[in-house]
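Worksheet: one structure, shown below.
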Amino acid sequence: MALDEAARKLSAIPLFANLEPSRLKLLAFTSDRLSFADGEEVCHQGDPADSAYFLESGAVDIVIGEGEERIKVAELHAGDLFGEMALFLHSGRSATVIAHGDLTVMKIDGDMFLKIVTENPEAALGVMKALSEKIVATSEKVAAARKG
Amino acid sequence: MESNIFRYIWRFSKRQQLVLLVVTLFSFPFLYYTLDLPKVIVNEAIGGRDFPKNLFGIELGQISYLLSLCGLFLLLVLINGGFKLWINIYRGVMGERMLRRLRFILIDRVLRFPLRQFRKISQGELIAMIISEVEPLGGYIGEAVSLPIFQGGTLLTILVFIMIQDPFLGLAAIALYPVQMVLIPKLQIRVNQLAKQRVRTARRLSDRIGEAVSGIQEIHVNDTSAFELANISRWLGRIFDIRYELYKRKYFIKFLNNFIAQLTPFFFYSLGGVLVINQKLSFGALVAVIAAYKDLSPPWKELLRHYQTAMDAKIKYEQLIDQFQVEDLLPKELQKNPPATMPVIEGDFEAAHVTVEDDSGFPTLDGVTVKIPLRGSTAVLGASDSGREDLMRLIVRLINASKGLVRLGGHNLETLHEAVIGRYTAYVDHSAYVFNGTIADNLLYGLKHHPVRSADYDDEARIAHEHFRAEARLAGNTTDDIADDWVEYSALGFADKASASAHIHDILRLVELEEDIHEFGLQARLDPNRQPATADKLLLARKKLSAVLQQPECRQLVEPFDRKKYNNNLSVGENIVMGRPLDGDTDFATICNHDHMRAVLEKNGMTRWFVETGLKVADTMVELFADLPPGHEFFDRYSFIEAADLPDFQAIIRKAESAGIDELEDEEKTRLQALTFMLIPARHRLDFVTDGIRNKLLRCRESFAADLPGSLRKIIAFYDRDHYNPAASVRDNILFGKVEHGRANAREKIGQIIRKVISDLGLHEVITELGYDQQVGVAGSRLSPVLRQKLCLARALVKQPRLLVLINPLSSLDPDTQDRMARRILERFSDQALIWVINRPALAMHFSYVLVMKDGRVVESGSPPELLKKGQLFHDMVPEQS
């Protein structure tokens with residue numbers, strides 16, 4: 001069943017690793033499954049953030065800046081989660097996300113996302129772990145940049 | 001207003017009361033003969049001799065004499081009954097008319113109350129007074145004159161009858177009346193006081209209930225429901241205590257009356273018995289008198305009851321009108337019968353040494369002397385306690401000056417008819433009210449001064465309407481018909497609605513309301529029978545849109561309705577029906593539950609699939625939602641099953657697992673099937689609808705439509721590419737399909753395409769006008785605060801006032817929009833007069849004249865450049881760069 005499949009995919013994300021399968025299914029059930037064509041914007045830098053995205057298939061480019069100053073900073077692939085940081089921080093989108101080829105995302109409603117994550121102690125651990133990993137990764141990047 | 005209910009009755013129902021009186025008097029001879037005839041029948045017909053006897057000149061034998069008299073008796077009974085019937089109905093009608101008149105008078109006064117009165121008296125109290133307190137007065141008014149006459153007359157008739165039989169026993173029968181007549185009024189005094197208290201307390205209770213309703217948000221967010229309930233309980237308790245006391249006293253009076261009434265027979269039996277035994281009185285006479293006394297007692301009781309009712313009504317009336325006797329009531333002649341020619345208002349608004357005081361006597365305007373030109377724009381600046389708002393209210397006469405003289409365009413403002421002010425000026429402040437009704441009702445509200453064109457009635461309705469008018473006249477109500485066309489387009493210089501339409505659209509664009517109303521129009525339903533031309537145009541729009549959607553970049557945005565194809569963006573139920581219920585009362589589930597639908601599923605071998613799939617859906621819902629607390633918002637937002645029903649479905653699932661699906665009751669199967677009907681394959685990630693199933697569902701669709709019973713045919717409008725669907729919204733009719741759930745931004749893109757198609761076909765204004773019929777809810781509650789403010793401003797602008805007075809009418813809007821709109825309004829009103837209280841001094845530079853207020857006085861006035869030079873306060877307020 002599609003819902004089982006979606007829940008299985010979500011469970012691979014560290015943030016959700018500790019969540020019960022029924023919670024992941026609920027997340028999948030209450031999310032919109034959206035398809036984007038190549039080059040379409042999934043979200044735009046500076047826009048208010050009301051949802052997180054899980055990339056089910058395809059790839060996206062993460063870019064910063066506008067017009068000529070636009071630079072691509074990363075590329076994400078199927079199985080990646082993005083847009084959740086702005087939800088935690090209640091801030092606008094920190095980057096623009098553009099479809100790299102046709103793709104399908106699971107658009108997780110922001111309130112829903114925060115509710116599931118905060119209502120489940122297991123998820124909180126996952127959040128901490130995911131954030132720690134991001135800090136480590138950033139620190140390593142900074143360290144590498146200094147050396148370089 | 002009459003200070004006393006008896007005067008009110010006499011003034012407005014004198015003639016009717018007299019008619020009633022005369023008819024009542026006429027009825028007495030018949031009553032007397034009804035009493036007398038039985039005696040004649042017994043003594044002369046049954047026990048008589050010397051037949052034949054003469055009756056009205058005819059010689060009759062004993063039997064025919066008896067039967068003739070009995071026939072006469074029957075006739076008299078009928079005549080008496082007829083009199084009673086007529087009198088009762090006449091009384092009732094008269095009472096109701098007087099009640100209607102009283103309510104009308106009270107409401108008419110409310111509409112003339114000075115504004116500060118509404119701070120003293122709450123909405124709840126007013127409603128309680130006008131609706132419920134007045135109610136019992138109607139009954140009393142009907143019987144005020146006729147009942148005492150009728151019952152008193154009856155009493156007298158019977159008394160005369162008894163007296164003729166035996167004067168001594170007659171006197172005995174009424175011997176105790178004086179006792180009652182002295183005692184009861186004394187006891188009644190305390191009852192009256194209690195009744196007064198009850199009225200006052202009930203009013204306070206309505207006030208509290210009104211407060212609780214108005215302050216419901218505060219009660220929730222402060223968790224004060226217990227406190228409020230305690231408060232209500234206290235008032236309920238007081239009413240109870242008063243009532244309890246009242247009951248005790250009322251029933252004591254009743255007890256006393258009954259006792260005294262029974263005391264008289266006691267004398268009859270004892271004294272009368274002794275007289276009979278001593279052969280001083282005939283046995284027959286005693287029996288007749290005792291029987292007559294039985295008849296004597298009801299009218300006497302009625303008279304006593306009437307006395308109590310009269311006292312009660314007197315108090316209620318006094319307490320009622322006490323609240324409506326208000327000083328400074330707007331004189332009637334300034335609100336009714338507008339002058340035939342409107343006075344010319346030109347020049348300035350002038351106030352000379354004007355003082356306005358609030359309830360506590362504090363002057364909000366303190367000897368203001370000011371002249372404001374009635375041409376060009378005037379900005380009024382000042383702190384919120386500077387008196388700026390009261391000055392504005394003074395200009396449109398919402399309040400009056402307690403001292404000083406106020407003139408508008410050369411006329412004493414206090415003596416101007418409301419028709420002059422209401423047509424010449426418009427006023428909007430931050431608390432402007434939106435009436436429950438449609439957008440159009442509100443937009444055109446400022447043009448409804450009096451009926452301009454009579455409503456069309458067919459013969460039957462005309463008779464009913466004439467009856468309404470005649471009754472309204474009899475009750476002193478207005479005979480103006482609310483069904484007439486009240487909108488005075490001619491006041492704007494337009495012949496009719498059609499020619500005023502451009503003006504209204506213009507205003508809507510000015511206040512940036514047009515897009516919102518257009519959106520309402522897209523959501524509205526259109527009746528193609530009433531607007532066939534528009535429906536045809538919308539069908540054309542459907543065709544055009546469909547052509548646009550064929551283009552490659554749009555192809556995936558919409559899944560069109562096609563009777564031959566399964567639509568993944570519709571629910572399973574909608575796929576079978578391929579239509580919508582016509583009337584708003586029928587919901588879709590009713591159609592899915594119909595016997596015809598069952599037959600269709602059965603015929604196509606789908607019943608079992610529906611149950612099985614429903615079971616799977618239920619299973620999934622239980623898994624997803626079971627451990628959420630009931631009332632969790634996810635149930636409302638996402639679940640197929642309400643929290644309360646979840647345990648039922650858990651039980652059904654268990655039963656199906658253990659005993660098999662065939663063992664389920666019919667009702668359980670139906671509940672499962674209902675879930676399947678709601679499935680939308682493209683939206684819910686529940687892939688139960690396979691290609692094979694889709695084909696079968698298509699066959700169901702065919703057989704559902706094929707032999708549709710008449711009862712369903714009447715309530716379903718099918719999707720048909722060549723016909724307008726009256727059950728679907730305008731947007732859905734143009735779209736003729738469902739926006740793909742899974743296409744990113746499909747909704748926005750489609751919105752743009754639809755907008756383009758609509759404007760290409762010149763349909764924009766037509767659809768906007770459909771949006772005029774959108775209901776706004778109580779106090780405009782269905783609109784956002786921003787829309788409400790825009791609507792109020794639009795209402796003021798639509799009537800093209802010569803003088804527009806505004807107090808921060810756009811406070812809910814963001815600063816940029818406020819600026820944009822302010823400039824547009826200034827531009828539009830460059831030839832008329834605009835007086836505007838603004839919060840941001842920088843805006844004042846765009847006005848031709850500026851007033852600066854402080855502490856209830858105008859401290860600076862002049863053109864902005866002048867004031868920048870000489871005005872200290874204004875200079876300090878306006879930022880340097882301006």
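Letters go in sequence order (proteins before strands), and every chain restarts at 1.
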> With only heavy atoms counted, which part of K115(A) is less than 4.5 Å from chain B, the side chain, the backbone, both or neither?
Replying inline: side chain
> Got a second to check how far N745(B)'s CG is from E40(A)'s CD, nearest 0.5 Å?
Replying inline: 6.5 Å
>> A quick test of your reading: do over 12 heavy atoms of other residues, nucleotides or ligands sit less than 6.0 Å from CZ of R683(B)?
In response: no
> Counting heavy atoms not belonging to K749(B), are there more than 12 under 6.0 Å from its NZ?
Replying inline: yes
>> Looking at Q551(B), I'd like to know if its CD atom is crowded, meaning that more than 12 non-hydrogen atoms belonging to other residues, nucleotides or ligands lie closer than 6.0 Å.
In response: yes
> Any donor-acceptor pair under 3.5 Å linking the side chain of S22(A) with the backbone of L624(B)?
Replying inline: no
> Considering residues, nucleotides and ligands other than Q523(B), do more than 12 of their heavy atoms fall under 6.0 Å from its CD?
Replying inline: yes
>> Are more than 12 heavy atoms, taken from residues, nucleotides or ligands other than K565(B), located less than 6.0 Å from that residue's NZ atom?
In response: no
>> Can you tell me if R70(A) has over 12 outside heavy atoms packed within less than 6.0 Å of its CZ?
In response: yes
>> Can you tell me how far apart NE2 (H741(B)) and CG (D32(A)) are? Round to the nearest 0.5 Å.
In response: 8.0 Å
>> Just so I understand: if I count every heavy-atom pair under 4.5 Å between each of D109(A), T104(A), T30(A) and chain B, which residue has the most?
In response: T30(A)
>> Can you confirm whether more than 12 heavy atoms, excluding those of E553(B), are under 6.0 Å from its CD atom?
In response: yes
> Given a strict heavy-atom distance threshold of 4.5 Å, which part of A99(A) is in contact with chain B: side chain, backbone, both, or neither?
Replying inline: neither
> If you measure from CZ on F29(A) to OG1 on T620(B), what distance do you get to the nearest 0.5 Å?
Replying inline: 8.0 Å
> Quick one: CE on M621(B) to CG on L26(A), what's the gap to the nearest 0.5 Å?
Replying inline: 9.0 Å
>> Whether E623(B) and R23(A) form a salt bridge (side-chain N of Lys/Arg under 4.0 Å from carboxylate O of Asp/Glu) is what I want to check.
In response: no
